[in-house]
Number of protein chains: 2
Amino acid sequence: MPTPPPRTTTPPEPVVPHADGFAARRAATSQQILQAAAQVMADRGYAGTSLDAVAELAGVAKGSIYNNFGSKERLFEALIAHTMDRFSATLAAAPDGRTGAAALEAVVSALLVEVRDNPAGTQLLAAELFRMGRTWQESLEPVRERIVSVFREVIAQANPAADVSVVGPAVFGATLIAGLEWRTFQPERTLPDITGVVMGSVRSVLEPAG
Amino acid sequence: MPTPPPRTTTPPEPVVPHADGFAARRAATSQQILQAAAQVMADRGYAGTSLDAVAELAGVAKGSIYNNFGSKERLFEALIAHTMDRFSATLAAAPDGRTGAAALEAVVSALLVEVRDNPAGTQLLAAELFRMGRTWQESLEPVRERIVSVFREVIAQANPAADVSVVGPAVFGATLIAGLEWRTFQPERTLPDITGVVMGSVRSVLEPAG
DNA sequence: GTCTATATTTGGATAGAC
DNA sequence: GTCTATCCAAATATAGAC
């Protein structure tokens with residue numbers, strides 16, 4: 001490949017996303033970088049993502065990534081933390097006082113909403129979550145644990161006899177995979193529709209035994 | 001890192017795995033490379049795996065990888081194909097004439113057996129399966145489809161009213177995630193035990209409606 | 001057809017201008 | 001604090017001996 005032509009993206013333009021006054025303009029580039037990183041890493045995974053690609057998509061120089069995050073690994077950790085804040089907050093708050101089947105349905109629906117509305121974050125999580133090598137185990141295991149624990153707890157509350165250490169992950173997996181399939185192959189279907197089908201598939205976890 | 005000491009692995013030894021006569025010695029190094037690639041890629045993923053690491057683990061020179069597979073991408077494709085042969089053959093053959101709940105239980109159990117006995121292949125598949133970028137979509141989408149279709153078909157046979165396009169992936173996801181959790185955190189539990197818990201979680205897919 | 005170099009490219013990280 | 005330019009390690013791929 002020859003020398004790439006000096007990119008024509010308006011260079012000095014200050015890029016004010018939504019001029020809302022004064023303070024909230026500070027970490028504008030950080031947000032752009034995070035968003036771009038989420039997109040690229042969702043496609044190619046952590047190792048497969050080059051910071052050149054992130055910088056190009058974010059519309060910033062590669063040096064800015066280092067000024068804002070220090071290293072590729074710390075960028076990834078910041079991205080995971082950012083994604084997790086949204087995930088865990090949404091899932092943990094979903095029951096909102098409900099109990100039993102209603103609580104489980106709320107959690108299932110909340111996860112499906114994330115799959116639909118935050119596809120980059122969801123796919124990054126799904127793809128990296130299964131890497132069990134000691135490399136990421138430290139930074140990703142707590143993430144998996146926090147998500148699964150929401151399912152475990154709501155199921156345990158609804159059915160104290162349930163074997164939540166296996167059933168919790170099972171319901172989580174059913175929701176996640178069904179959600180990915182929904183978003184990819186049947187996006188025209190509605191959230192209540194898919195929620196109902198998933199709940200219908202796993203509703204026996206709330207019943208005594210088989 | 002200084003010059004690595006000239007590796008002490010017995011260099012010229014012909015490495016005859018199981019001297020069984022004549023013909024079946026041909027692709028010995030290919031098998032070693034595939035097995036090593038499965039192990040390393042399960043930990044680090046495709047992009048995170050260096051051919052140096054594969055060559056070292058396989059006990060062959062890096063040049064041999066190129067003689068046998070041509071490129072890193074073609075090695076990965078061969079590995080996926082190899083893993084898929086085992087997966088799809090096992091899952092598709094699992095029902096073995098059974099119908100209804102017994103057929104579904106056989107498929108669930110067969111997937112759990114793979115998770116237990118073929119951890120490298122399972123994790124590679126799980127980790128790479130969720131990458132939706134057009135990069136791997138072409139080579140991995142058929143893989144996902146073949147696996148999910150086994151679940152869809154056995155459920156459709158057992159319960160014609162089931163919404164298999166969503167329920168199939170849901171049961172697959174429940175089994176896969178529960179199996180990974182089993183293998184990682186509770187390996188002391190037995191296969192029939194886990195199979196029973198998973199089946200108990202999703203048994204309602206075989207019933208009329210909720 | 002497997003090994004030991006070596007070539008070439010990619011990509012993480014840094015230095016210094018502005 | 002963002003950019004351009006550069007360094008350097010790592011990794012894909014190739015050449016050629018044996």
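Letters A, B, ... mirror the listed sequences (proteins, then strands); counts begin at 1. We use all heavy atoms of the structure for the numbers below, so side chains are in, but hydrogens, waters and symmetry mates are not.
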Side-chain donor/acceptor pairs under 3.5 Å, residues 164-173 of chain A, sequence neighbours excluded:
unit_1: Ser165(A); atom_1: OG; unit_2: Asp163(A); atom_2: OD1; d: 3.1
unit_1: Ser165(A); atom_1: OG; unit_2: Gln186(B); atom_2: OE1; d: 3.4
unit_1: Ser165(A); atom_1: OG; unit_2: Gln186(B); atom_2: NE2; d: 3.2

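Summarising the geometry, atom CD belonging to Gln31(A) is positioned 5.0 Å from atom NE2 belonging to His82(A); distances are rounded to the nearest 0.5 Å.
Annotation: side-chain contact (heavy atoms from CB on, under 4.5 Å) contacts of Pro119(A) (sequence neighbours excluded): Arg183(A). Judged as a side-chain contact (heavy atoms from CB on, under 4.5 Å), and not counting sequence neighbours, the contacts of Ser50(A) are Asp52(A), Ala53(A). Evaluation of the salt bridge (charged side-chain N to carboxylate O under 4.0 Å, His left out) rule for Glu153(B) yields no partner, not counting sequence neighbours.
Between Glu56(B) atom CD and dT4(C) atom P there is a gap of 13 Å when expressed in whole angstrom units. Here dG1(C) presents its C1' atom at 11 Å from CD1 of Ile33(B), a figure rounded to the nearest Å. Rounded to whole Å, atom C1' of dG1(D) lies 14 Å from atom CD1 of Ile65(A). We find that CZ of Phe69(A) is positioned 14 Å from P of dA13(C), with the value rounded to whole Å.
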- Task: Assign a letter to each nucleotide of nucleotides 11-18 of chain D from its 5' end: B, base within under 4.0 Å of a protein heavy atom; S, sugar-phosphate only; -, no contact.
- Result: SBBB----
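Residue pairs satisfying the salt bridge (charged side-chain N to carboxylate O under 4.0 Å, His left out) criterion with at least one member in residues 115-127 of chain A, sequence neighbours excluded, are absent.
Taking only side-chain nitrogens and oxygens, Ser64(B) never comes nearer than 4.0 Å to OP1 or OP2 of dG1(C).
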